[in-house]
Protein chains: 2
Amino acid sequence: MTSGARYDGTLEDGMAHQLRRASQAVNASWQLRSGDLTPPQFAVLQILDERGSLDQKTLGALAAVDRSTLTPLLDRLVARGLVTKNTDPDNRRRQLIALTPAGRERTALGREQAQETSRWIEELLGPDRLATLTLLLRELGDAGREQ
Amino acid sequence: MTSGARYDGTLEDGMAHQLRRASQAVNASWQLRSGDLTPPQFAVLQILDERGSLDQKTLGALAAVDRSTLTPLLDRLVARGLVTKNTDPDNRRRQLIALTPAGRERTALGREQAQETSRWIEELLGPDRLATLTLLLRELGDAGREQ
DNA sequence: TATTGTTATACTCTATAACTATA
DNA sequence: TATAGTTATAGAGTATAACAATA
């Protein structure tokens with residue numbers, strides 16, 4: 001395989017492919033521990049846990065999930081008893097999404113599972129480089145919103 | 001693309017979510033330019049262009065695509081006239097995959113399109129931090145193989 | 001008219017398991 | 001028996017467009 005970090009047009013340096021490979025590694029570690037929650041599902045649960053009840057538009061924006069993807073995603077979480085969906089009486093177009101007690105428990109467990117994955121990465125890269133990676137990924141993600 | 005509420009960094013600990021958000025940004029940039037090739041499709045074309053004809057097992061390993069995913073992926077590329085599939089006469093269990101002339105052209109174009117995305121990222125992060133990100137992602141991706 | 005969310009539709013990725021053909 | 005690839009199947013993410021209900 002190639003070495004050297006500068007972009008030179010070869011496959012190993014294609015950002016989309018690298019992100020995909022890194023995601024495969026992290027998702028495998030996460031799924032090994034979480035079992036039954038996908039990353040966007042867990043993101044939704046975590047946001048609800050941190051912020052309380054939210055309408056779908058806000059929730060989707062925070063979790064980076066399209067509204068047409070969010071509907072079936074929430075349907076699955078509702079079916080599993082992790083969240084509830086109720087019409088907002090103040091604006092009947094809105095659906096207010098909230099965690100159930102079971103959802104709160106599952107989120108707490110998920111947080112521990114996420115930290116195990118985080119620890120695995122920290123062992124691999126070291127704490128400073130993990131912090132750097134986190135920062136760079138967030139900048140990239142934020143830039144996507146303005147694109 | 002989602003819009004509205006802004007990401008405020010509350011999900012710092014979730015690497016899977018960060019990778020997903022960064023991928024959304026990069027994939028959006030890539031897809032804007034490439035139009036009709038997904039990242040794994042382009043990875044396959046690029047590998048074939050660099051290494052010549054390959055059997056599916058080798059190709060799938062290099063592109064990080066499962067064999068059951070690779071079959072329909074290749075079917076689509078064959079249908080579009082970008083690659084060919086031929087039984088290896090020396091081992092008739094194997095299928096040798098090769099680029100067509102049209103596939104070579106599309107790959108060359110894709111390389112230019114990938115560089116445009118790369119330039120966008122470099123403008124965002126600067127060359128040194130892009131190099132760092134590339135290095136960290138490759139380490140993560142490599143670790144996934146051994147997991 | 002604009003907004004919120006749902007539904008229909010379509011495509012692709014992802015993976016497990018069973019199967020075929022070949023070695 | 002083992003290997004390479006296909007097929008069946010299932011589940012989820014992704015997004016566009018049309019739509020209903022509400023504001």
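Naming: A, B, ... by sequence-line order, numbering from 1 per chain.
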Using atom types as modelled, flag every donor-acceptor pair under 3.5 Å from a side chain in residues 90-98 of chain B to any protein atom, sequence neighbours excluded.
from	atom 1	to	atom 2	distance (Å)
Asn91(B)	OD1	Arg93(B)	N	3.2
Asn91(B)	OD1	Arg93(B)	NE	3.3

Can I get a per-line list of side-chain donor-acceptor pairs under 3.5 Å for residues 60-73 of chain B, giving both atom names and the distance, sequence neighbours left out?
from	atom 1	to	atom 2	distance (Å)
Asp66(B)	OD2	Ser68(B)	N	2.9
Asp66(B)	OD2	Ser68(B)	OG	2.7
Thr71(B)	OG1	Arg67(B)	O	3.4

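If Arg20(B) and Thr58(B) are placed on DNA chain D by their nearest nucleotide, the residue sitting closer to the 5' end is Thr58(B).
For the pair Gln56(B) CD and dT3(D) C1', the interatomic distance rounds to 13 Å; values are reported in whole Å. In this structure, Asp55(A) atom CG and dA23(D) atom P are separated by 14 Å, rounded to whole Å. To the nearest angstrom, C1' of dT12(C) lies 14 Å from CG of Asp36(B). At whole-Å resolution of the value, CG in Leu37(B) and C1' in dT12(C) are 13 Å apart. With rounding to whole Å, Leu70(A) atom CG is found 13 Å from dA15(D) atom P. Rounded to whole angstrom, the span from the CG atom of Asp66(A) across to the P atom of dT4(C) amounts to 14 Å. A straight line from NZ of Lys57(B) to P of dT6(D) spans 14 Å, rounded to a whole angstrom. Rounding to whole angstrom units, CG of residue Asp90(A) and C1' of dT4(C) are separated by 15 Å.
Considering only side-chain N and O atoms, Thr38(A) lies under 4.0 angstrom from the phosphate OP1 or OP2 of dG13(D). Taking only side-chain nitrogens and oxygens, Gln24(A) never comes nearer than 4.0 Å to OP1 or OP2 of dC13(C). Contact annotation: Gln31(B) side-chain N/O to dA15(D) OP1/OP2 distance is not under 4.0 Å. Within the structure, every side-chain polar atom (N or O) of Thr69(A) is placed at least 4.0 Å from both OP1 and OP2 of dT14(D).
The Arg94(A) side chain lies nearest to dT4(C) when the options are dG5(D), dT7(C), dT4(C). Closest approach to the Leu73(A) side chain among dT14(D), dG5(C), dG13(D) is made by dG13(D) (side chain taken as heavy atoms from C-beta onward). Of the candidate nucleotides dG5(C), dG13(D), dT6(D), dT6(D) has the atom lying nearest to any side-chain atom of Thr71(B).
Residues that satisfy the side chain to side chain donor-acceptor pair (under 3.5 Å) test with Thr84(A), not counting sequence neighbours, are absent from this structure. Scanning for side chain to side chain donor-acceptor pair (under 3.5 Å) contacts around Thr107(A) gives an empty result, with sequence neighbours left out. Partners of Asp75(A) under the salt bridge (charged side-chain N to carboxylate O under 4.0 Å, His left out) rule, at least two apart in sequence or in another chain, are Lys85(A). Evaluation of the side chain to side chain donor-acceptor pair (under 3.5 Å) rule for Arg129(A) yields Glu139(B) as partners, not counting sequence neighbours. For Arg20(A), the side chain to side chain donor-acceptor pair (under 3.5 Å) criterion is met by no residue, not counting sequence neighbours. Applying the side chain to side chain contact (heavy atoms under 4.5 Å, CB included) rule to Gln31(A) yields no partners; only residues at least two apart in sequence or on another chain are considered.
For the pair Arg111(A) and Glu116(A), the salt-bridge criterion is not met [side-chain N within less than 4.0 Å of a carboxylate O].
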Derivation and outcome, side chain to side chain contact (heavy atoms under 4.5 Å, CB included), residues Leu19(B) and Leu137(B): CA-CA 10 Å; Leu19(B) 282 165; Leu137(B) 289 176; 4.0 Å; yes

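Heavy atoms of Pro40(B) sit under 4.0 angstrom from primed sugar atoms or phosphate atoms, though from no base atom.
Side-chain atoms of Thr132(B) come within 3.5 Å of backbone atoms of Asp128(B) as a donor-acceptor pair (strictly under, hydrogens ignored).
If you check residues 75-85 of chain B against DNA chain D, the residues with a heavy atom closer than 4.0 Å are Lys85(B), listed by number.
For residues 95-107 of chain A, every residue pair satisfying the salt bridge (charged side-chain N to carboxylate O under 4.0 Å, His left out) rule, not counting sequence neighbours, is listed here: Asp36(A)-Arg106(A).
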Close N/O contacts between protein and nucleotides 17-22 of chain D (under 3.5 Å):
from	atom 1	to	atom 2	distance (Å)
dT22(D)	OP1	Arg92(A)	NH2	3.1

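Each end of the helix from dT1(C)-dA23(D) to dA23(C)-dT1(D) gets its own axis, taken as the rotation carrying the C1' atoms of four end pairs onto the next four within a five-pair window, and the two axes meet at 20° to the nearest 10 degrees.
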